[in-house]
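Structure first, commentary second.
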Amino acid sequence: MKALSDFRHVVKVACVYLSGVIGAGFVTGREVYVYFGKFGANGYIGIAVASVLFILTAVRLLAVIEKYDCRSMSDVTEAMFGRRAGKFVCMANALFLYCMYIVISAGAGELICSLTGTRRVTSMLAVSGVCIFFLFIGFGGIAAVCSVAAPITAVIMLAAVILPGKAESGTAGPVAASEGGFLWAVMAAVYVGYNVLVLISVMPRIKNDIKNQKTARLGGASGAIMVSCLLFAVNYGMNMTAGIGGDSDMPLAEAAAGRGEVFGAVMYGAVLVTMILSASANISNCGELIGRHINIKERTAGTVLAAVGGLFSLAGFGPLMDIFYTFFGFLGVILIFPLVFTKK
């Protein structure tokens with residue numbers, strides 16, 4: 001019975017880890033193209049580099065959370081960097097989470113607008129309202145839904161690039177590298193960097209499922225391996241499919257639409273659900289941190305932040321994602337080194 005219980009906790013940890021990485025940018029396909037796909041063959045080397053970093057940081061991060069009984073982002077940063085430096089890192093990460101909420105809300109609003117024909121402002125308000133609803137459910141409820149939704153979304157993403165369809169009309173084949181030098185290596189590190197920022201905020205909040213060091217290490221490694229396999233498969237599928245990538249905000253969703261109306265609807269639905277869950281998790285984590293520092297409830301802080309962020313989301317999904325993710329990714333890269341190489 002204990003072995004079965006441990007296995008369940010490992011699976012839960014791995015699936016929550018997977019959901020932390022498969023966010024709005026990943027599920028749309030834009031993230032995979034920008035950080036890997038556009039580099040052609042070098043993109044696969046970038047994925048290999050990112051995979052190693054994902055596994056190392058996942059194992060170390062989960063081990064630190066279990067060892068120091070970390071239950072919030074501030075607990076992790078203080079354990080890793082000390083009180084003063086940890087507080088700075090924590091506040092910078094909170095700003096990143098808030099920027100992510102704005103970016104993802106913009107994407108979800110634009111998607112609702114394009115699918116239903118509603119006004120953009122109305123769509124943005126609807127997204128903010130749903131996120132506030134999830135705030136009142138609590139992060140535990142969000143994590144439970146994410147742990148189920150992430151594997152399902154992963155399967156849908158794979159189907160979008162594997163199944164034949166209209167999107168494959170034309171000359172399909174490996175994409176030649178569009179960027180020179182070692183930019184692919186920088187982008188791979190930045191990609192892992194900003195995902196580390198996300199995971200530092202997400203994983204401590206399921207501490208009750210991280211029962212021991214074995215669960216921490218196996219759960220972290222399993223989640224990182226799932227992410228790596230999905231990255232490779234989606235990148236390969238997009239490279240081998242003509243017309244995917246480029247300037248599109250949602251290349252993978254558009255590719256799925258080429259497989260038929262029903263599958264297209266399923267993919268767009270998966271994208272929308274993932275976006276809303278990601279936005280809800282980010283605003284919940286941000287609300288928890290801000291609320292703790294100014295001594296108000298997480299729900300109150302999160303509600304105010306969600307309402308204000310909805311206004312900024314009118315700037316648009318694609319441009320905001322490219323700016324914020326890359327900028328904060330460099331901060332995440334800085335955190336990778338002490339996370340992996342210091343003994344805590």
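- In terms of modelled atom types and a separation under 3.5 Å, the side chain of Thr300 and the main chain of Ile296 share no donor-acceptor contact.
- Inter-residue side-chain proximity for Val273 and Thr153 is flagged as unmet; no heavy-atom pair is nearer than 4.5 Å.
- Of the inter-residue distances, the one linking Cys70 atom SG with Ile200 atom CD1 reads 10.5 Å to the nearest 0.5 angstrom.
- Side-chain N/O atoms of Ser74 and Arg292 include a donor and acceptor closer than 3.5 Å.
- Put simply, Ile225 and Phe26 are part of two different groups of oily side chains (I, L, V, M, F, W, Y) that touch within less than 4.5 Å, one to the next.
- In terms of modelled atom types and a separation under 3.5 Å, the side chain of Asn235 and the main chain of Gly37 share a donor-acceptor contact.
- Looking only at side-chain heavy atoms (C-beta outward), Arg84 and Phe88 stay at 4.5 Å or farther from each other.
- At least one side-chain heavy atom of Cys15 sits under 4.5 Å from a side-chain heavy atom of Pro151.
- Between Tyr194 and Tyr35, the distance from one ring center to the other falls under 6.0 angstrom.
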List the steps, then state whether salt bridge (Lys or Arg N to Asp or Glu O under 4.0 Å) holds for Arg60 with Glu66. CA-CA 10 Å; Arg60 289 288 295 125; Glu66 193 280 331; over 6 Å; no
Is there a salt bridge (Lys or Arg N to Asp or Glu O under 4.0 Å) between Asp69 and Arg71? Walk through the geometry before answering. CA-CA 6 Å; Asp69 194 29; Arg71 296 180 180 273; 3.3 Å; yes
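- For Glu78 (side chain) and Lys87 (main-chain N/O), no donor-acceptor pair under 3.5 Å exists by modelled atom type.
- Put simply, the side chain of Tyr98 gets close to the backbone of Leu305: a donor and an acceptor are under 3.5 Å apart.
- Of all non-hydrogen atoms in Val76 and Pro204, the two that sit nearest each other are CG2-CG, 3.3 Å.
- Cluster annotation: Val145 is connected to Ile22 through the hydrophobic network of ILVMFWY side chains, with a link wherever side-chain heavy atoms come within less than 4.5 Å.
- Across Ser128 and Tyr101, no two heavy atoms sit closer than the pair OG-OH, 3.5 Å.
- The backbone N or O of Ser280 lies less than 3.5 Å from no partner atom in the side chain of Ser284, so there is not a single donor-acceptor pair.
- Of all heavy-atom pairs between Cys131 and Ala279, the closest is SG-CB, 3.7 Å.
- The two residues Ala143 and Lys12 come nearest to each other via the heavy atoms O-CE, 4.4 Å.
- Taken to the nearest 0.5 Å, the CG atom of Leu62 stands 15.0 Å off from the NZ atom of Lys214.
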Assess whether side-chain contact (heavy atoms from CB on, under 4.5 Å) is satisfied between Thr303 and Phe136, documenting all intermediate values. CA-CA 9 Å; Thr303 299; Phe136 283 84; 3.9 Å; yes
I would like to know whether Tyr17 and Val202 meet side-chain contact (heavy atoms from CB on, under 4.5 Å); could you show each step before the answer? CA-CA 8 Å; Tyr17 182 97; Val202 171; over 6 Å; no
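- A donor-acceptor pair is defined here as one N or O able to donate and one able to accept, closer than 3.5 Å; no such pair exists between the side chain of Thr122 and the backbone of Thr118.
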Begin from the C-alpha positions of Leu97 and Met73 and carry the test side-chain contact (heavy atoms from CB on, under 4.5 Å) through to its verdict. CA-CA 11 Å; Leu97 293 176; Met73 178 169 56; 4.0 Å; yes
Would you please test Thr215 and Asp209 for side-chain contact (heavy atoms from CB on, under 4.5 Å) and show each step? CA-CA 8 Å; Thr215 303; Asp209 290 295; over 6 Å; no
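- With ring centers used as reference points, Tyr191 lies under 6.0 Å from Phe36.
- For the pair Asn93 (side chain) and Leu197 (backbone), a donor-acceptor distance under 3.5 Å is present.
- One hydrophobic cluster, built from ILVMFWY side chains closer than 4.5 Å, holds both Met226 and Met203.
- Rounded to the nearest 0.5 angstrom, Ile283 CD1 and Phe139 CZ are separated by 13.0 Å.
- In terms of modelled atom types and a separation under 3.5 Å, the side chain of Ser222 and the main chain of Gly219 share no donor-acceptor contact.
- At a threshold of 4.5 Å between non-hydrogen side-chain atoms, the residues Glu110 and Ser123 do not count as touching.
- Distance CG/Leu111 to CD1/Ile276: 9.0 Å, rounded to 0.5 Å.
- With hydrogens and angles disregarded, a donor-acceptor distance shorter than 3.5 Å links the side chain of Thr57 to the backbone of Phe54.
- Taking every heavy atom of both residues into account, Leu277 and Cys146 meet most closely at CB-SG, 3.9 Å.
- Heavy-atom contacts from other residues, nucleotides or ligands closer than 6.0 Å to NZ of Lys207 number more than 12.
- By the criterion of side-chain heavy atoms lying less than 4.5 angstrom apart, applied directly or through intervening Ile, Leu, Val, Met, Phe, Trp or Tyr residues, Val155 is not grouped with Tyr268; the two fall into different hydrophobic clusters.
- Between atom OG1 of residue Thr77 and atom CE of residue Met80 there is a gap of 10.0 Å, rounded to the nearest 0.5 Å.
- One hydrophobic cluster, built from ILVMFWY side chains closer than 4.5 Å, holds both Val16 and Ile137.
- The two residues Gly302 and Leu135 have their closest heavy-atom pair at C-CD1, 3.3 Å.
- Atom CG of Leu95 and atom SG of Cys90 lie 12.0 Å apart (nearest 0.5 Å).
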